[in-house]
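Written out below as structure tokens is the structure these notes cover.
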Amino acid sequence: MEVISELEKALCYTFRNKALLQEALTHSSFSHEGNRHEKDNERLEFLGDSVLSLIVAEHLFTHYRHYPEGDLTKLRASLVCEKSLFNFANRIGLGQFIRLGKGEENTGGRERPSIVSDAFEATLAAIYLDGGYGEARRFVLRFMPEHMDPQRVTVLSDYKTALQEIIQKNREERLEYVLTGESGPDHNKSFTVEVHLNSNVIGTGTGHSKKQAEQLAAKEALSLMGYET
């Protein structure tokens with residue numbers, strides 16, 4: 001409880017349901033170690049990803065009224081990418097609070113961007129479930145820069161955004177990323193993701209996080225469509 005209280009101070013939010021925050025901090029390597037069978041943070045990370053995207057999109061829509069859709073998409077991608085979330089998490093020292101299995105702990109998991117950024121999204125989801133959208137929004141806006149220029153924003157290797165911008169020119173087309181495989185030990189997992197265009201597979205990627213696998217699937221799709229990557 002002392003650790004939870006310390007993190008709550010950093011979050012500037014006090015949980016009514018402390019179990020939600022504990023779940024948000026629990027990596028799969030910890031929950032699957034021994035016979036713990038505790039809930040890991042993957043479901044919360046899934047929810048947090050959507051909550052984050054909505055909050056950031058709403059913020060950009062409201063504060064950058066004269067920017068076209070393409071610029072807003074680029075700005076949002078720069079704010080919700082793994083690198084940005086890792087930086088946000090480091091500002092509140094989130095990594096030190098994550099519960100990791102021994103294997104993950106011994107291989108530097110506490111400083112691994114994919115693990116820390118996922119925990120950030122899971123923590124956001126926990127705040128959203130515990131305190132509602134307003135509290136989640138207040139938490140996220142702490143990390144938003146005062147001004148952003150889309151011409152100066154570089155979204156490194158954001159193949160998902162590039163693919164989305166191409167596909168959205170035709171409003172009838174629909175992209176979906178589907179997790180199709182998961183393998184390896186908890187401290188060194190691999191994920192395989194397919195990107196579907198109207199239920200047709202147009203790319204596949206495998207990486208050490210779901211986000212990385214999605215980026216690689218989008219990269220393959222772009223290559224197959226004849227775009228340089």
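The two residues Gly101 and Ser29 have their closest heavy-atom pair at N-OG, 2.9 Å. Residues Leu163 and Val195 approach most closely at CD2-CG2, 4.1 Å, considering heavy atoms. Shown here for Ala125 and Leu44, the closest heavy-atom pair between the two residues is CB-O, 3.1 Å. Taking all atoms of both residues into account, the shortest heavy-atom contact from Asp40 to Ser31 is CB-OG, 3.5 Å. In this structure, Ile98 and Ala119 approach most closely via the heavy-atom pair CD1-CB, 3.6 Å. Across all their heavy atoms, Arg110 and Leu100 have their closest contact at N-CD1, 3.5 Å.
Residues Phe88 and Phe139 share a single hydrophobic cluster, defined by chaining ILVMFWY side chains whose heavy atoms lie under 4.5 Å apart. A continuous path of hydrophobic side-chain contacts links Phe15 to Tyr128 [ILVMFWY only; heavy atoms under 4.5 Å]. Placement of Ile92 and Val56 within a single hydrophobic cluster is found when ILVMFWY residues are connected by side-chain heavy-atom separations under 4.5 Å, directly or transitively. In the hydrophobic clustering of this structure, Ile127 groups with Leu7; members are Ile, Leu, Val, Met, Phe, Trp, Tyr whose side-chain heavy atoms approach within less than 4.5 Å, directly or through other members. When hydrophobic clusters are built by joining Ile, Leu, Val, Met, Phe, Trp and Tyr residues whose side-chain heavy atoms come closer than 4.5 Å, directly or via intermediates, Tyr67 is not grouped with Phe61.
At least one side-chain heavy atom of Thr161 sits less than 4.5 Å from a side-chain heavy atom of Thr73. Contact annotation: the side chain of His63 never approaches that of Met144 to less than 4.5 Å [non-hydrogen atoms, C-beta and beyond]. Under the 4.5 Å side-chain criterion, counting only non-hydrogen atoms from C-beta, His208 is not in contact with Arg112. Counting heavy atoms from C-beta outward, Val116 and Glu111 have side chains that stay 4.5 Å or more apart.
In this structure Asn90 satisfies the side chain to side chain donor-acceptor pair (under 3.5 Å) test with no other residue, sequence neighbours excluded. Residues passing the side chain to side chain donor-acceptor pair (under 3.5 Å) test with Ser114, sequence neighbours excluded: none. For Glu182, the side chain to side chain donor-acceptor pair (under 3.5 Å) partners at least two apart in sequence or on another chain are Lys189. Considering only residues two or more places apart in sequence or on other chains, Arg76 meets the side chain to side chain donor-acceptor pair (under 3.5 Å) condition with none of them. Judged as a ring-ring contact (aromatic ring centres under 6.0 Å, His included), and not counting sequence neighbours, Phe191 has no contacts.
Of the inter-residue distances, the one linking Glu135 atom CD with Arg138 atom CZ reads 4.5 Å to the nearest 0.5 angstrom. Interatomic distance, Glu38 CD to His27 NE2, rounded to the nearest 0.5 Å: 14.0 Å. With rounding to the nearest 0.5 Å, the separation of CZ in Phe120 from CG in Leu94 is 8.0 Å. Between the CD atom of Glu194 and the CG atom of Asn200 there is a distance of 11.0 Å, given to the nearest 0.5 Å. Between the CE atom of Met148 and the NZ atom of Lys74 there is a distance of 10.0 Å, given to the nearest 0.5 Å. Atom-to-atom distance recorded for Glu214:CD and Leu175:CG is 11.0 Å, nearest 0.5 angstrom.
Judged by distance alone, with hydrogens and angles left aside, the side-chain atoms of Thr192 form no donor-acceptor pair with the main-chain N or O of Thr180 at under 3.5 Å. Listed for the Tyr13 side chain is a donor-acceptor partner under 3.5 Å among the backbone atoms of Gly131. A distance-only check finds a donor-acceptor pair linking the side chain of Gln215 to the backbone of Tyr159 [under 3.5 Å]. A donor-acceptor pair is defined here as one N or O able to donate and one able to accept, closer than 3.5 Å; no such pair exists between the side chain of Asn17 and the backbone of Asp130. In terms of modelled atom types and a separation under 3.5 Å, the side chain of Thr62 and the main chain of His59 share no donor-acceptor contact. Side-chain N or O atoms of Glu220 include one that pairs as donor or acceptor with a backbone N or O of Thr204 at under 3.5 Å.
When each of Leu11, Leu21, Thr123, Leu25 is checked for a side chain to side chain contact (heavy atoms under 4.5 Å, CB included) with Phe97, only Leu25 meets the rule.
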Start with the C-alpha distance between Arg142 and Arg91, add both sets of side-chain angles, then the distance that settles side-chain contact (heavy atoms from CB on, under 4.5 Å), and finish with yes or no.
CA-CA 10 Å; Arg142 292 170 53 190; Arg91 283 165 58 180; 5.5 Å; no
Take Glu82 and Gln212 through the test side-chain contact (heavy atoms from CB on, under 4.5 Å) and record every step on the way to the result.
CA-CA 9 Å; Glu82 185 177 278; Gln212 182 185 40; 5.7 Å; no
Would you check, one step at a time, whether the test side-chain contact (heavy atoms from CB on, under 4.5 Å) holds for Met225 with Ile167?
CA-CA 11 Å; Met225 292 166 67; Ile167 299 302; 4.1 Å; yes
When the side chains of residues 47-55 are checked against the rest of the protein, which donor-acceptor pairs come out under 3.5 Å, sequence neighbours left out?
none

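Ion pairing between Lys211 and Asp118 holds under the 4.0 Å rule for side-chain N and carboxylate O.
Heavy-atom neighbours of Tyr133 OH from other residues, nucleotides or ligands within 6.0 Å: above the threshold of 12.
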